[in-house]
Amino acid sequence: MKFGVVVFPGSNCDLDAYHLVKDVLGEQVDYIWHQEESVAGFDCIVLPGGFSYGDYLRCGAIARFSPVMKSVVSFAGGGGLVLGICNGFQVLLEAGLLPGALYRNINLQFRCLFTHLKVENLQTPFTVGLEAGRLLKIPIAHGEGNYYADPDTLRRMEKSGQIVFRYATANGEVTDTANPNGSLANIAGVCNEMKNVLGMMPHPERAGEAALGSEDGRLIFKSILKSWEGSR
Amino acid sequence: MWKAEIRVLLKKSVLDPQGQAVENALGSLGYGNVQDVRIGKYLEVSFDAGSRQEAEAQVREMSERLLTNPVIEDYTFELVEE
Amino acid sequence: MWKAEIRVLLKKSVLDPQGQAVENALGSLGYGNVQDVRIGKYLEVSFDAGSRQEAEAQVREMSERLLTNPVIEDYTFELVEE
Amino acid sequence: MRAEDWRKMGLKDEEYLLITEIIGRDPNYVELGMYSVMWSEHCSYKNSKEVLRTLPTKGERVLQGPGENAGIVDIGDGLAVCFKIESHNHPSAIEPYQGAATGVGGIIRDIFTMGARPIALLNSLRFGTLEDVRARYIFNGVVSGIAGYGNCIGIPTVGGEVYFDPCYQGNPLVNAMCVGLLETDKIKRGQASGTGNPVVLVGARTGRDGMHGVTFASEELSAASEEKRPAVQVGDPFMEKLLLEACLELIYNDDVVGIQDLGGAGLTCATSEMASRAGTGLEIELERVPCREQGMTPYEIMLSESQERMLMVVLPEKEEKVHEVFRRWGLTSTTIGQVTGDGILRVRMGGKVVAEVPARSLAEDAPVYCPAFIEPAYLRMTAQLQLAEIPDSGDAEKVLLQLLSAPNIASKEWVWQQYDYMVRTCTVVLPGSDAAVLRLRGTKKGLAMTVDCNSRYVFLDPYLGGKIAVAEAARNLVCSGGEPLAVTDCLNFGNPEKAEIFWQFRKAVEGISEACLAFATPVIGGNVSFYNETNGEAIYPTPTVGMVGLLEDVEKRCTQEFKADGDLIVLLGETYEELGGSEYLATVHGMVAGRPPALELDKEKALHKLVLPAIGQGMLNSAHDLSEGGLAVALAECSFGQNIGASVELSSKGLRHDSLLFGESQSRVVVSVATDKVEMLLALAAQENVPAAVIGKTGGNSFLVTVDGRELINLPIEKMKTAWREAIGCLLK
Ligand SMILES: Nc1ncnc2c1ncn2[C@@H]1O[C@H](COP(=O)(O)OP(=O)(O)O)[C@@H](O)[C@H]1O
Ligand SMILES: [Mg+2]
C-alpha cells in the first residue's frame, strides 16, 4: 500500500505523517507537492496538519484551491481513502468533501494537549481495526477546531454514522469538561457518507511511538492498512 | 476602479466566542451599557470592472467562492467607485 | 439603543500578510483584475446612550482603549439608531 | 548637517565628529542615518563590548562563538547544534502580540541563516503583577504572539520561564531562544566574499515599518516612545516558513556563498556586516529593491526593518538557479548588487550614488565606551535581613498552598498549552519538567534545553545571582540526563549610562563568566538589552541564561515526576539557614531582602558528577532540582505528574522550619529510587562527596511531612495540584 502526503505551502506536520508511515509502520510513502495535478499511484492520501497559506483568511480556505485538490476530490469520489488531519480536516471541509465547518476554539486560545477519543463508528476504513470500547489517547494542537454543523446536517450525520470520534474523559464519558474547543456534541472527527474520507482534529501521527506518550494513533493507520488489504 | 467593502459576520445561529469575550471585557472596563458585541472580518478589495453590475456580480462570486464560508458566515458589501 | 459598526484595518504602512495572501489567491483563481486586498476586523457593538454625541464619544473611547491598537490599526465607524 | 539632526537620531556630538574623520567629509542624511543605527547600542554593543570580552567563549566543541548570527557546538556524529537567545522587550511593551511574534521570527532567522534547521523554541518572559490590567493584557498578548508565530511556522516551543514582579510593570521582558541542528560541513556564515559575486535580496517587500527600531531599543520607554510607534511591525510567519525551507534547500546544495537575515538596522546592517566580515565592499542599487509603498526614499529603504527578508551572496553561475528555487517556493528574489574589492559600501538609487562609506566603519568602528560604575546604594539596605525578626512559618500547610498558587511558582500550563510543543514529533520530555528533551532522528542522541534566571537574586547580589542563573540552568539539564554543552545569554538591564546599573551589569557578567568556566560551558552567543526602564525606574537586572545539553543516549533521559509507589526519596545536597531573596519571603512576608543563597561551584559540580551517571546507569526514577519554594514545593511538584503522593520525615538539625521547607539553598536535587538501588546511589554520593539523605517514600494520594517527629503537612495531592494548576488562569479571569 502506498501513502501520499500532500505538501501545501505552510504544511508542517507533513514530516510527522511521513515519518510514522515510513519509519514506524514500514510502509511506502511519498510527498505530493501541492502543484501536482495527479495523485495516480497512491492508495491513501493524507492531508497533513500545519498552517497552509498561513491559515490566512480562514484555515484551509486557500489551500483547497491548490491544483492537487482537484485530483484529490476525484480520487475521493472514486472511493479512494483520504485522511485529513487538523489543517487537512479544515481543507477537506472547505473543499466540500466533508460536511460542517471548523472555527475559533471557544476559549479563543490555541490548545496543545492530549485528549481521549471515543470511537463512535467502527465500520469505517479508518477504524475497522479497533476494539469496541477502546479509547484512543491522541493529542490535539489547534486554534480553530471548534466543529459546527447546522441541526439538520448534524441529524443526518448521526444517522448515517458519520460522526467517528468524540472527545471524552479518560473514563470514556462524553462531557463538557472533556471538550477542549467547544465543538458541537464533542465532535473530534467526521467522515463522508461513503466513509472513505475522514477528517479529524487530533493528530494520530503524533501518537505513534511510546516515546511520544501514546501509540494509539498507530491504530488508525493500521486500520487503513487492514481495510485496504481487505478491499483487494 | 471599484472598491468593495465587505463585512463578514458569523451567522446568528453560530456562537461568537470572540464577540462574547469582548462584550465581557467592555463590561469590566465599566461600559455596563453594552448589550451585544459581534466580531467578524472586514475586507477591502480593489479591482477593475466595466460596470457596477459587473462589479457586483464579481464581488458576489469572489465572496462565495473564497472570501466567506457560507456554512457559518453571512456577508454584506458596498461598492465604491474610485 | 445604538449600534456602532466599526471597521478596523491595519495602518497603510503596516504589512498586511492576510490581505497579501488573499490577493495572490484571488489572482490565481482567475481574478487578475484585483489590485489590492486589505483584511481587518468588523465589529458591531450595541449599547444605550442618551444622544448621538454621547454615543459617538463612547465608541471612540472603547475603540481606542480596547477594540483597536492605535499603534498598528486605524478604524472608522458608523452609528445606527435602533 | 545640524547638530539637532544627529542628536535626534541618537548620535552624540563626538560620535558625529568621528564619522566626519572616518569619511573625510560631512556625511549626507542617508549616511548619517546608517551610522546612527549601526552605532546604536543595539547594533554596536558600544557600552558592553569591553565587559562581554571577559566571558569564556572557547571550548573543544565550539565551532562558532560570538560574532556571527548564532553560535554552534559540535555534538559528534558529524552533527552540530546552533542556538541563540534574543530580546524583543520594547516592541512587546507597545504591541504585545506582534512584538513577541516578530521577536520569535527574528531569532528563527538567526538560526537558519547559519545553515541549521530550527528544531525548538524557548522563551523567557517577565511581566508586572497580574493584579494590573495592563500587565494582564501584555501577558496575554505576548503569549499568544509567541504561539501565533511558532505554531504557524511549525517549530515546537518546548520550554521557558515566566515571572511576575512589579519592576516589570512598564517594561516587560520577552526573550526568545531558538535551537537548530545542522551537519558540521554545512555551516554558513554571513560573509560577502568573492569580488563580482551577485548579492540577492529575498522575501518580503520593504516597507516603511520598523524605521529606527534599533534606536528605539536603545532608549528608555517614555511617553515620547508613543511617537516612534511605526517601529512596531506585523510578522508574517507563513512567509518565513517559505524562506526557511527555500534557504535551507539552497544551503544544503551548496548554492550560497554567504547569507544573513535582515533584522535590526535592516539592509544597512546586513550589507555592512557581511562585507566587513569578509573584508570586502558591496555595491547595491536601491531601485531594484521591491518596496511595499511607492516613493520610498533611500534613507527609508536602507533603514527599514521590515521582517522576513534575507540577503545572500551567490556565485554568478548559481544566480539563475537561486532565483528559480525561490520562485518555486513562491518567493520574490532580486539581485540588487555585487561584491566589490574596495571595502566600500556604495549605495545607488537610479544610478546616482546616495551613500558611500567604508563598510567596516559601520560594522566595527563604533566608539567603545567604558561607562562608570558604582555599587548601588540600595544593596546596603537590602542586605540587612534580620531573620530573628521574622516569625517562623506557623502553619506550614497554609504557606505551602500559598506558595503553590503564587504566580512565580504556579504551573505555567496556561502558557505552554498555547504552544505547539509536539510538532515534528521529537519532543520526548514535554514542558513541565526541569528541561525539555528532544530526540535527534537517525541517532541515539538527544538534546536537553532550558532557560533560567532568578532576577530577584541578581537584584540582591548581581555577582552571585549571575552565577546562580548558570548553575540552575546546568542543574536543570543534569536532572534531565543532559550534559551541559554551552550557553547563550540575554542580558536585560537598565540604562548603562547610570553607574549603578553598569555596576550590576559588570558584576552579573563576572558571575556568569565564573560559573561558565567552572562548568566548561562557554558562552557561544547572546544579546544585550539595555535601557529597560520606565520613567527612570530600572527593572531588576535580568541576565537570562539559555543552555543546551547533550544526551548520548536519549533513552536514558529522566523527568521530575515520581514514577511508582514505594520508591525511596533521597535529598542530595545540603540545606542551610538561607531565606534571603526567597519566594517565601516575598510571598508570605512581602519582603525582597537578604542575600541570595550561597553557591559553591565545586559542590555544584560534584552534584552534577553524581546525578549524571546515576541517571545514565538507570538508578533514578525521577530527579528534580530545588529552586523557588524550596524542598516542600519541589516534592509537591514531583507528586503532580502522576498523582503519586509522598511521606517525608525530616529532622531540623536546628534549622528554622521555614528554612528547612521553603528555603532555596543551592546545589540540591530530590530524586526517587527503587529500594534495591538506594545503596548504590548512596555509595556513589559518598564517593562524590555529596551529602545524601533518604527522607521518605513515594505513594498514596497525600503529601505528608513530619519534622522532628511532628506532622507539619498533611494535604491531599489533588488539593495542592488544583491550587497550583489553576492559579494563573484564575488571576486572568
Ligand atoms: N514561557 C514558557 N514557555 C514554555 N514553557 C514554559 C514557560 N514557562 C515555564 N515553562 C515550563 O514549565 C516548567 C516549569 O518552569 P519553571 O518553574 O521555570 O521550572 P524550573 O524552576 O525547573 O526552571 C518547565 O518545564 C518550563 O519549561
Ligand atoms: Mg526556573
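A quick note: this is a predicted structure, and the numbers were derived from the prediction, not measured. Below, chain A is the first sequence line, B the second, and so on; all start at residue 1.
With sequence neighbours left out, the salt bridge (charged side-chain N to carboxylate O under 4.0 Å, His left out) criterion links Asp14(A) to no other residue. Remark: Thr175(A) pairs with Thr177(A) by the side chain to side chain donor-acceptor pair (under 3.5 Å) rule, at least two apart or across chains.
The main-chain N or O of Leu98(A) is never found under 3.5 Å from a side-chain atom of Asn192(A) such that the two would form a donor-acceptor pair. The closest donor-acceptor contact from the side chain of Asp216(A) to the backbone of Lys137(A) lies under 3.5 Å. For Thr115(A) (side chain) and Ile138(A) (main-chain N/O), a donor-acceptor pair under 3.5 Å exists by modelled atom type.
Contact count against chain B (heavy-atom pairs under 4.5 Å) is highest for Leu57(A) among Ile106(A), Leu57(A), Leu184(A).
The distance from atom SG of Cys191(A) to atom CD of Glu120(A), rounded to the nearest 0.5 Å, is 11.5 Å. The distance from the NZ atom of Lys118(A) to the CG atom of Leu136(A) is 12.5 Å, given to the nearest 0.5 Å.
Inspection of the Ser74(A) and Ser71(A) side chains reveals no N or O donor paired with an N or O acceptor under 3.5 Å.
Contact record, Pro139(A) with Arg206(A): CG-CB, 3.8 Å, taken as the closest heavy-atom pair. In this structure, Ala178(A) and Pro180(A) approach most closely via the heavy-atom pair O-CD, 3.2 Å.
Leu43(B) touches chain A through its side chain: at least one heavy atom from C-beta onward sits under 4.5 Å away, while N, CA, C and O do not.
For residues 81-89 of chain A, heavy-atom neighbours of chain B at less than 4.5 Å comprise no residues at all.
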Short donor-acceptor contacts under 3.5 Å linking chain A with chain B:
from      : atom 1 : to       : atom 2 : distance (Å)
Leu57(A)  : O      : Lys41(B) : NZ     : 2.9
Arg58(A)  : NH1    : Leu66(B) : O      : 3.1
Arg58(A)  : NH1    : Leu67(B) : O      : 3.0
Arg58(A)  : NH2    : Leu66(B) : O      : 2.9
Tyr103(A) : OH     : Leu15(B) : O      : 3.0
Tyr148(A) : OH     : Ser13(B) : OG     : 3.3

